[in-house]
Enquirer: 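Quick one: this structure, given as structure tokens, is what I'll be asking you about.
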Amino acid sequence: MSSKRMLVTAALPYANGHIHLGHLVEYIQTDIWVRFQKLRGRRCIFICADDTHGTAIMIRARQEGRPETELIADMQAAHEKDFAGFDIAFDHYGSTNAPENYELCKQIWGSLSKAGLVREDDVEQLFDPEAGTFLADRFVKGTCPSCKSVGEYGDNCSKCGATYAPTDLIDPVSTLSGATPVKRSAKHLFVQLEQLHAFLDAWTQSGEHLQSEVANYLKGHFLGKPLRDWDVSRPEPYFGFPIPDSPGNYWYVWFDAPIGYIASTHQWCKRNGEQLEDWWKSSDTEIHHFIGKDITYFHTLFWPGVLKAAGYSLPTFVHIHGFLTVDREKMSKSKGTQVRASKYLEHLDPSYLRYYYASKLGPRLDDIDLNLSEFAQKIDSDLVGKVVNLASRTARFVDGVGLASEYPHDGGLFAAAAAAGEKIAEAYEQCDYSRAMRLIMELADAANAFVDNTAPWTLKKDPNQHVRLQEVCTIVLNLFRQLCVYLTPVLPRLAQQCGRLFQVDIKAWDDSQKPLCGIQLSKFEHLMQRVDLAKVNQMIEESKETPAPSTNDAAVAPASSAAPATDSGDALLAEPLAPTCTIEDFAKVDLRVARVIKAEEVPEAKKLIKLTVSLGGDTTRTVFAGIKAAYTPAQLEGRLVVIVANLQPRQMKFGLSEGMVTAAGAGGTEVFLLGVDSGAKPGHRVH
RNA sequence: GGCGAUGUAGCUCAGUCGGUUAGAGCAACGGCUUCAUAAGCCGUGCGUCGGUGGUUCGAGUCCACUCAUCGCUACCA
């Protein structure tokens, strides 16, 4: 805690793909932490870079018919734009394909060699003679040697679960060229991590550098037996750095990627007149890595081992987070839940996502779930309804007069919230953002209760109370600003807007400790919009990719007709069967096919969409359906639905509903309208 | 198959070294308010703390077993 400098990294995004909402968990988490440290007055830099090497990049560049350097330059530009759009503020964003990185790789490699950690061995691998390249497991397909299932990948069988080497496949085929691969032996270089076993045992199990789950995982998984040698070379052709003392070999991408942290820092140092040694070889510098749990091994065993052997500082802490699920499921391109950062930004405010992730993130590596209806609800309720609302409830009342010259008595509200600052800071420090957000919202609740109790709108009506009115508003506006200070790491834009309103920028955490008085305010402007669900839905809709019937997908997807249904009984348990009814009972209900001819938003309604449906001919009905969270009007117009046509009309707040649209599902966003097979016409009765 | 994490109110989660009638936010329901982006305030929660068995004067909290979910892994990690 007392060290002078702090270096923070997020994992280097791979240049083979665009940034999506899953990646952003990490960058937002890290950015919040860095902004927090800076706000607290720490000397802290945030370093990142694009990870650019490897077979995947090489193959893709070939497919696109252009040099790798062009591909990675384009991708880097896209990454940086996405990050900037989400207010992720790196101090430096470099690339692993940089001369500084090559220099460092050579130097560190030299240290590893000198320490006697490198050995050489022959590895037999499949080679694609047409593409002229060795093939990683996932680039080979063939028949499973165990169950004879065809079209299986080179590492294991999706049918019988057998594992094998790609060289064991029957009739192997390269997915790159379709050629039959041949076995070929090549010289590989290995780092003998086992020599560092004792060190890694001590470092990982000290309880100081890793979350306890991670330490347990490593202990149970790797450290209980000898550590395997790590294959860090790849024979040409390969896009990467050539190994100087091993002609024809390149460093495996995972060797030079983490070194990119140092190289990128080096670039930053050059631009800012700093010494790299102060940041990577000084006990006065804390180094914090933020990563996802999928790359735990590299950052907690291999990387510390390399740093140790090469004489660099070890990470102070490796902060590991879980994955993002959307509505409890893995992100899916076909469902449109793998939303690109750029797509999100076309429709929604980045502050929403920053706050939502913050409200979900804790210090452990649990997965976090993006629930789209909760997302909208939380932003509306917490940020718009509670925080921003404080300013819009009071700012107008002090137009022209400004804030009181002295801070009035407020029953200890400001002081209590100022005191809460330490607890909030501690939560941020421990990466327990969800706790920090909860604490902040408690303060917002207290402030809103104060507004209600003092009723400034009543004071306004009585000219004798105008001094008191100014006092009340001074209190509320200061409480609002205090919240903005606490939220600054998460919502830098709100903090800026707050600065404009008060004409005093938020610069430090301690700005939360003293109220502002005797100043004029700028004209109040809306600070944040409510979440438009239509835009959320549209974003999902536009993110849907119909899976191309490529050979890859065909192998993974089960043949639809042959796959046995494995539906859970949850739905039935949630809503058990109703008592038996007779055919006469059922006949009372007149279900009809109808066409939605008009679907309209009911802005005042939380759940309803107003539908005009046609039963054929001139017969139309107006029906209000509680499906707003699940459908947009645009999705509904023109489609066929099944309605209860003889339901007694019901007067609702927004008009008369003359029927009911049938749907299944639990409600909320889980509403699935009933459709009919093609051929049915509006007016047809359901028997 | 191995390992790990999780399983507490409709939803998201808190529950510190085991200790009195198990908590919060959101949703829902009832009431109030109208300054504010239909925002806000007050009130309402008999939940088998996944299950079974055990340790204990006492367990959501410890132990064993078990079920479910998720993740990692299964010799180029």
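Note that the coordinates shown come from a computational prediction; the quantities given were computed from them, not determined experimentally. Basis for what follows: all heavy atoms, side chains included, without hydrogens, waters or symmetry-related copies. Chain letters run A, B, ... following the sequence lines, proteins first, then strands; residues in each count from 1.
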Enquirer: Tell me which nucleotide, if any, is Watson-Crick or G-U wobble paired with C75(B) when both distances must be under 3.5 Å.
Expert: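 Pairing partner, where one exists within any strand: none, as none qualifies.
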
Enquirer: Yes or no on side-chain contact (heavy atoms from CB on, under 4.5 Å) for Ile32(A) and Arg354(A), after CA distance, side-chain angles and deciding distance?
Expert: CA-CA 9 Å; Ile32(A) 289 171; Arg354(A) 292 179 66 100; 4.0 Å; yes

Enquirer: In terms of the angle between their ring planes, are His188(A) and Phe190(A) parallel, tilted or perpendicular, with boundaries placed at 30° and 60°?
Expert: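 The arrangement is tilted - the two ring planes meet at 30° to 60°.
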
Enquirer: For G10(B) versus G47(B), give the span between their P atoms, rounded off to a whole number of Å.
Expert: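 Going atom to atom, P in each nucleotide, I get 10 Å.
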
Enquirer: If the P atom of C46(B) is compared with that of U21(B), how far apart are they to the nearest Å?
Expert: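 That atom pair is separated by 15 Å.
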
Enquirer: Determine the Euclidean distance between corresponding P atoms of A74(B) and U66(B); express it in Å to zero decimal places.
Expert: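 These two P atoms come out 25 Å apart once rounded.
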
Enquirer: Enumerate the residues from residues 389-397 of chain A whose closest heavy atom to RNA chain B is under 4.0 Å, giving them by residue number; use none for an empty result.
Expert: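 Heavy-atom contacts with RNA chain B come from Asn389(A), Ser392(A), Arg393(A), Arg396(A), Phe397(A).
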
Enquirer: What nucleic acid atoms does Val123(A) come within less than 4.0 Å of, heavy atoms only: base, sugar-phosphate, or nothing?
Expert: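 If one applies the 4.0 Å heavy-atom cut-off, Val123(A) turns out to touch nothing in the nucleic acid.
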
Enquirer: For C13(B) and A22(B), measure between their P atoms and round to the nearest Å.
Expert: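 It works out to 23 Å between them.
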
Enquirer: Between Lys386(A) and Asp445(A), is there a salt bridge with N-O shorter than 4.0 Å?
Expert: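 Between Lys386(A) and Asp445(A) there is a salt bridge, with a charged N closer than 4.0 Å to a carboxylate O.
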
Enquirer: Could you check which nucleotide pairs with U37(B) in any of the strands shown, counting Watson-Crick or G-U wobble with both distances under 3.5 Å?
Expert: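 Pairing partner, where one exists within any strand: none, as none qualifies.
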
Enquirer: Base, sugar-phosphate alone, or nothing: which one does Lys460(A) contact when heavy atoms must sit under 4.0 Å apart?
Expert: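 Contact class for Lys460(A): none.
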
Enquirer: Once the angle between the rings of Phe241(A) and Trp251(A) is folded into 0 to 90°, is it parallel (under 30°), tilted (30 to 60°) or perpendicular (over 60°)?
Expert: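 If you compare the ring of Phe241(A) with that of Trp251(A), the planes turn out perpendicular.
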
Enquirer: Using the P atom as the point on both nucleotides, what is the distance between U12(B) and C70(B), in whole Å?
Expert: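 One P to the other, the span is 14 Å.
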
Enquirer: Applying ring pair (Phe, Tyr, Trp, His ring centres under 6.0 Å) between Phe134(A) and each of Phe127(A), Tyr252(A), Tyr238(A), Tyr250(A), report the one that passes.
Expert: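 Going through Phe127(A), Tyr252(A), Tyr238(A), Tyr250(A) one by one, the ring pair (Phe, Tyr, Trp, His ring centres under 6.0 Å) with Phe134(A) is satisfied by Phe127(A) alone.
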
Enquirer: Please report the distance, rounded to the nearest Å, between CZ in Phe323(A) and P in U69(B).
Expert: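 For the pair Phe323(A) CZ and U69(B) P, the rounded distance is 19 Å.
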
Enquirer: Heavy atoms under 4.0 Å, any strand shown: does Asp445(A) hit a base, just sugar-phosphate, or nothing?
Expert: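 Since only primed, P, OP1 and OP2 atoms lie under 4.0 Å of Asp445(A), the category is sugar-phosphate.
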
Enquirer: Taking the P atom in each of G50(B) and G60(B), what is the distance between them to the nearest angstrom?
Expert: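 Those two atoms are separated by 10 Å.
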
Enquirer: Going through the checks in order, is the side chain to side chain donor-acceptor pair (under 3.5 Å) test met by Asp369(A) and Thr325(A)?
Expert: CA-CA 5 Å; Asp369(A) 185 52; Thr325(A) 55; 2.7 Å; yes

Enquirer: Tell me: CE of Met441(A) to C1' of C13(B), nearest whole Å?
Expert: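 Going from CE in Met441(A) over to C1' in C13(B) covers 16 Å.
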
Enquirer: Which part of the nucleic acid, if any, lies within reach of Arg435(A) when heavy atoms closer than 4.0 Å are counted: base, sugar-phosphate only, or nothing?
Expert: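 No contact at all - Arg435(A) keeps every heavy atom at 4.0 Å or more from the nucleic acid.
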
Enquirer: Select from Asp452(A) and Ser434(A) the residue whose nearest nucleotide in RNA chain B is closer to the 5' end of that strand.
Expert: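 With Asp452(A) and Ser434(A) compared, the 5'-side residue is Ser434(A).
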
Enquirer: Return the pairing partner of C62(B) with a 3.5 Å limit on both distances, Watson-Crick or G-U wobble; otherwise return none.
Expert: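 Pairing partner, where one exists within any strand: G54(B).
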
Enquirer: For nucleotides G18(B) and G58(B), find the distance between their C1' atoms and express it as a whole number of Å.
Expert: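 Result for the C1' pair: 8 Å, nearest Å.
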
Enquirer: Tell which nucleotide pairs with C26(B), taking only Watson-Crick or G-U wobble pairs whose two distances are both under 3.5 angstrom.
Expert: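 In the structure as shown, C26(B) has G10(B) as its Watson-Crick or wobble partner.
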
Enquirer: Using a heavy-atom cut-off of 4.0 Å across all strands, would you classify Glu442(A) as base, sugar-phosphate, or nothing?
Expert: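 Result for Glu442(A) = nothing.
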
Enquirer: Any side-chain N or O of Arg364(A) below 4.0 angstrom from OP1/OP2 of A5(B)?
Expert: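 Negative; the distance criterion is not met.
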
Enquirer: Can you tell me the pairing partner of U20(B) across any strand shown, Watson-Crick or G-U wobble, with both distances under 3.5 angstrom?
Expert: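 None - no nucleotide pairs with U20(B), as no candidate has both distances under 3.5 Å.
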
Enquirer: How many Å lie between CG on Asp382(A) and P on A39(B), as a whole number?
Expert: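 From Asp382(A) CG to A39(B) P: 13 Å.
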
Enquirer: Using the closest heavy atom to pick a nucleotide of RNA chain B for each, name whichever of Lys386(A) or Ala446(A) lands nearer the 5' end.
Expert: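 Counting from the 5' end, the first nearest nucleotide belongs to Lys386(A).
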
Enquirer: Just to be sure I understand the rule, does Met528(A) reach a base, reach only the sugar-phosphate, or reach nothing, if contact means heavy atoms closer than 4.0 Å?
Expert: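 If one applies the 4.0 Å heavy-atom cut-off, Met528(A) turns out to touch a base.
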
Enquirer: Is any side-chain N of the basic residue among Asp229(A) and Arg119(A) closer than 4.0 Å to the acidic one's carboxylate O?
Expert: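 The answer is yes: the pair qualifies as a salt bridge.
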
Enquirer: Expressed as a whole number of angstroms, how long is the span from Gln430(A):CD to U16(B):C1'?
Expert: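 After rounding, the reported distance stands at 12 Å.
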
Enquirer: In terms of ring plane angle, is the pair Tyr261(A) and His299(A) parallel, tilted or perpendicular, where the classes change at 30° and 60°?
Expert: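 Tyr261(A) and His299(A): tilted rings.
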
Enquirer: Of the candidate nucleotides C35(B), C76(B), U6(B), which contains the atom at the shortest distance from the side chain of Gln125(A)?
Expert: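 Of the candidates, C76(B) comes closest.
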
Enquirer: Give none if C70(B) has no partner; otherwise give the nucleotide forming a Watson-Crick or G-U wobble pair with it, both distances under 3.5 Å.
Expert: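 Because both required distances fall under 3.5 Å, C70(B) counts as paired with G4(B).
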
Enquirer: Whole-Å distance between G25(B) C1' and Tyr356(A) OH?
Expert: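 The answer, rounded to whole Å, is 13 Å.
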
Enquirer: Given U12(B), C72(B), C35(B), which nucleotide is nearest the side-chain atoms of Glu374(A)?
Expert: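 Per side-chain heavy atoms of Glu374(A), the pick is U12(B).
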
Enquirer: So if I take every side-chain heavy atom of Asp367(A) and compare against C70(B), U37(B), C13(B), which nucleotide ends up nearest?
Expert: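 So the nucleotide nearest the side chain must be C70(B).
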
Enquirer: Rounded off to whole Å, could you give me the CD-to-C1' distance for the Gln377(A) and C26(B) pair?
Expert: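 One finds 5 Å between C1' of C26(B) and CD of Gln377(A), rounded.
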
Enquirer: Are any of the side-chain nitrogens in Arg393(A) or Asp452(A) under 4.0 Å away from the carboxylate oxygens of its partner?
Expert: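 Between Asp452(A) and Arg393(A) there is a salt bridge, with a charged N closer than 4.0 Å to a carboxylate O.
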
Enquirer: On a whole-Å scale, what distance lies between the C1' atoms belonging to G2(B) and A59(B)?
Expert: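 Here G2(B) and A59(B) have their C1' atoms 31 Å from each other.
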
Enquirer: Which one is paired to U48(B), where only Watson-Crick or G-U wobble pairs with both distances under 3.5 angstrom count?
Expert: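 Pair assignment: U48(B) / none.
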
Enquirer: Parallel, tilted or perpendicular, judged at 30° and 60°: which one describes the rings of Trp203(A) and His209(A)?
Expert: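 Parallel, since the angle between the ring planes stays under 30°.
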
Enquirer: For a quick check of understanding: with a heavy-atom distance under 4.0 Å over all strands, which category does Leu227(A) fall into, base, sugar-phosphate or nothing?
Expert: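 Nothing, no nucleic acid heavy atom in range.
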
Enquirer: Rounded off to whole Å, could you give me the CG-to-C1' distance for the Asn448(A) and A39(B) pair?
Expert: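 From Asn448(A) CG to A39(B) C1': 9 Å.
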
Enquirer: Scan Lys360(A) against the nucleic acid and name what it touches under 4.0 Å (heavy atoms): base, sugar-phosphate only, or nothing.
Expert: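 Since only primed, P, OP1 and OP2 atoms lie under 4.0 Å of Lys360(A), the category is sugar-phosphate.
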
Enquirer: Could you give the CZ-to-P distance, from Phe298(A) to C72(B), as a whole number of Å?
Expert: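 So the CZ-P distance, Phe298(A) to C72(B), works out to 14 Å.
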
